[in-house]
Amino acid sequence: MPYTRKGSSVSLWQATTKLPTFPPLENDVETEVCVIGGGIAGLTTAYLLSEEGKKVLLIEAKTIGAGETGRTTAHFFPPDEWYHTIENTFGIDHSILVAESFSKAVDLVESIIDKEHIECSFERLNGYLYSLSDKELNAIDKEFEAARRAGITVQKLEEVPGISFATGPCVKYFDQAQFHPLKYLNGLTQAFIENGGIIHCDTRALKVDGDNSMQVVSTNGGEVRTKAVVVATNTPFNDTVVMHTKQAAYMTYVIGLRVPKGSIPRVLMWDTGDPYYYLRLETPDFKTDYEILVVGGKDHKVGQVLHPEHRYEEIEQWVRKRFPMVQSVEYQWSGEIMEPVDGLAFLGRNPMDDNNVFVITGDSGNGMTHCTIGAMIVNDLIMERSNPWTSIYNPQRTIIHGISDFVSEQTNTLAQYSDWLKGGEVAAINDIPLGQGAIVQIGVRKIAVFKDEQGKLHPLSPKCPHLGCIVHFNSAERSWDCPCHGSRFDTDGEVLHGPASTSLPIISL
């Protein structure tokens with residue numbers, strides 16, 4: 001089974017998939033391309049390059065699919081920012097290119113599935129953006145017109161057809177898609193290995209260093225000498241500052257509920273609300289009289305909500321109010337998404353780095369699509385071919401558009417450092433309930449302490465190794481989360497999510 005952290009929730013995809021395992025790297029090696037990250041971004045890139053005949057080695061800190069690909073809802077739908085926002089921000093030429101890249105990404109996924117005979121429940125579906133608020137009706141009109149100008153096949157309807165509540169006006173996007181993300185990864189992995197690719201799991205990349213002729217990836221198991229490096233780790237660990245000023249880390253929450261088979265149309269839906277909600281259906285492989293309605297939303301900045309459990313309850317309340325046929329909650333999980341401040345993902349050469357270091361990041365809630373686009377762009381760059389989308393997704397671009405969001409995010413990040421001036425979150429260790437964690441002040445020291453169900457204490461340094469913010473305990477996922485740049489750690493300090501590449505040190509009380 002895929003890696004799941006201690007005490008964490010398990011997604012629908014993780015619960016229904018068994019992925020292959022691979023041994024860790026134990027010596028120094030040399031290759032043409034080293035891909036870091038075993039999610040959809042890394043495996044798609046590795047697969048495409050192996051199809052080109054490149055010698056590719058992929059390393060993954062945990063196991064294949066252990067990261068955010070296994071915690072998505074796996075929609076392929078229009079940009080999270082909407083076409084009218086992209087057009088207003090960047091111009092119609094950009095929105096046309098974005099629309100083209102989204103369409104080509106879904107086509108690529110479908111073609112890989114057909115070529116490699118991957119069983120992953122891929123299906124083409126219509127998607128609907130709808131408004132439950134009268135004040136957002138104008139946004140529906142603007143999106144309809146902007147999507148048409150971008151070359152998208154759309155239709156404006158008075159409501160989403162076949163749904164049990166009055167959605168209000170909506171934009172219908174034809175020919176969107178969904179799939180089972182980890183079953184897709186399973187197929188990609190097999191195809192990559194058949195092409196001669198090499199995978200090492202339990203191999204954490206610690207540093208990337210070199211020049212335009214050769215890079216050296218230092219890991220916990222050996223060094224990888226390579227002509228090119230692709231950092232596909234959701235957020236780059238090899239960049240201390242630059243990329244982390246251009247995007248912000250958010251948590252999003254998902255529940256999966258039983259519904260009678262056939263009671264809800266097979267469509268994709270998302271609304272214009274704040275917070276907004278998005279949903280899809282998943283049919284279990286085994287014969288049942290029910291399906292799983294997958295609903296997500298209630299996003300917030302990583303590390304800035306200490307007790308987010310109520311968000312699952314709020315999503316459930318929202319669903320039950322609108323879908324009276326729903327039955328039991330079968331799954332609940334959270335995921336981490338990177339929000340670019342100007343709305344477009346960062347796919348290509350890493351800023352302020354050598355020309356042979358590439359990143360795929362800034363998924364903005366469109367991870368399956370953006371990661372596939374990123375793999376296509378990086379593949380072309382490494383093969384020294386032109387790509388029509390390179391400039392619009394260029395990670396080296398200066399943030400001009402969305403500058404107010406940029407300033408707001410940087411102000412928010414800087415404010416988190418004031419935690420060092422505050423006292424502990426509890427007066428004493430004895431005040432920490434079983435199964436919970438808190439920052440404790442003992443003399444001049446701050447300590448991150450988790451108390452397990454048996455009362456055993458797990459004391460750690462609270463200082464994030466990335467840029468020194470104080471971590472906070474996430475009681476829903478039982479993790480220590482950094483409110484500055486989104487690093488996350490388990491209760492023993494081990495890295496769950498970058499940009500930190502080293503653990504929180506264990507300290508003595």
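Quick caveat, the model's predicted, so the values are computed rather than measured. Note: hydrogens, waters and symmetry copies are ignored here, and every other heavy atom, side chains too, is used.
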Give a yes or no on whether a salt bridge exists between E282 and R266, defined as a side-chain N under 4.0 angstrom from a carboxylate O.
-> no
Between the side chains of T16 and H180, does any donor sit under 3.5 Å from an acceptor?
-> yes
Between D490 and S479: side-chain donor-acceptor atoms closer than 3.5 Å = no
If you look only at distance, which donor and acceptor atoms sit under 3.5 Å apart when one is on a side chain in residues 171-179 and the other is two or more places apart or in another chain?
unit_1, atom_1, unit_2, atom_2, d
Y173, OH, E143, OE2, 2.6
Q176, NE2, F174, O, 2.9
Q178, OE1, R280, NE, 3.2
Q178, NE2, E123, OE2, 3.2
Q178, NE2, L281, O, 2.8

Note, P395 side chain near F358 side chain (heavy atom, < 4.5 Å) | no
Once you round to the nearest 0.5 Å, how far does CG of N186 lie from CD of E116?
-> 12.5 Å
One should read off an interatomic distance between T45 OG1 and I36 CD1, to the nearest 0.5 angstrom, of 12.0 Å
Do the rings of W333 and Y331 sit parallel, tilted or perpendicular, given the 30° and 60° boundaries?
-> perpendicular
For residues Q247 and T361, is any side-chain donor paired with an opposing acceptor at under 3.5 Å?
-> yes
Is it the case that R311 and S334 place a side-chain donor and acceptor less than 3.5 Å from each other?
-> no
Compare every heavy atom of G38 with every heavy atom of L185, then report the nearest pair and how far apart it is.
-> CD1-O, 3.8 Å
Are the side chain of N356 and the backbone N or O of D211 linked by a donor-acceptor pair below 3.5 Å?
-> yes
Search all heavy atoms of P79 against all heavy atoms of F102 and return the closest pair with its distance.
-> N-CE2, 3.6 Å
Heavy-atom check, side chain of D353 versus side chain of N238, under 4.5 Å = yes
Just say parallel, tilted or perpendicular for the rings of Y253 and H300, cut-offs at 30° and 60°.
-> parallel
Is R148 salt-bridged to E145, cutoff N-O under 4.0 Å?
-> yes
Considering non-hydrogen atoms only, spot the tightest contact between E477 and S9 and give its length.
-> OE2-OG, 2.6 Å
Is a side-chain donor-acceptor pair under 3.5 Å present for Q215 with D209?
-> no
Considering only NZ, NE, NH1 and NH2 on the basic side and carboxylate oxygens on the acidic side, decide whether K115 and E51 come within less than 4.0 Å.
-> yes
Can you tell me if S101 and Y393 form a side-chain donor-acceptor pair at under 3.5 Å?
-> yes
Do the charged groups of R385 and E52 touch, with an N to O distance under 4.0 Å?
-> yes
Is R204 salt-bridged to E60, cutoff N-O under 4.0 Å?
-> no
Between D80 and Y276, does any side-chain donor sit less than 3.5 Å from a side-chain acceptor?
-> yes
With distance as the sole test, does S95 use its side chain to make a donor-acceptor pair with the main-chain N or O of I86 at under 3.5 Å?
-> no
N234 side chain to H497 side chain, donor-acceptor N/O pair below 3.5 angstrom | yes
Student check: side-chain heavy atoms of V254 and V295 closer than 4.5 Å = no
Does a side chain donor of either N366 or S364 reach within less than 3.5 Å of an acceptor in the other side chain?
-> no
Heavy-atom pair of closest approach, residues C34 and V217 = SG-CG2, 4.1 Å
Check whether the ring centres of Y277 and W318 lie less than 6.0 Å apart, and answer yes or no.
-> yes
Classify the side-chain pair Y184/T44 by whether it contains a donor and acceptor separated by less than 3.5 Å.
-> no
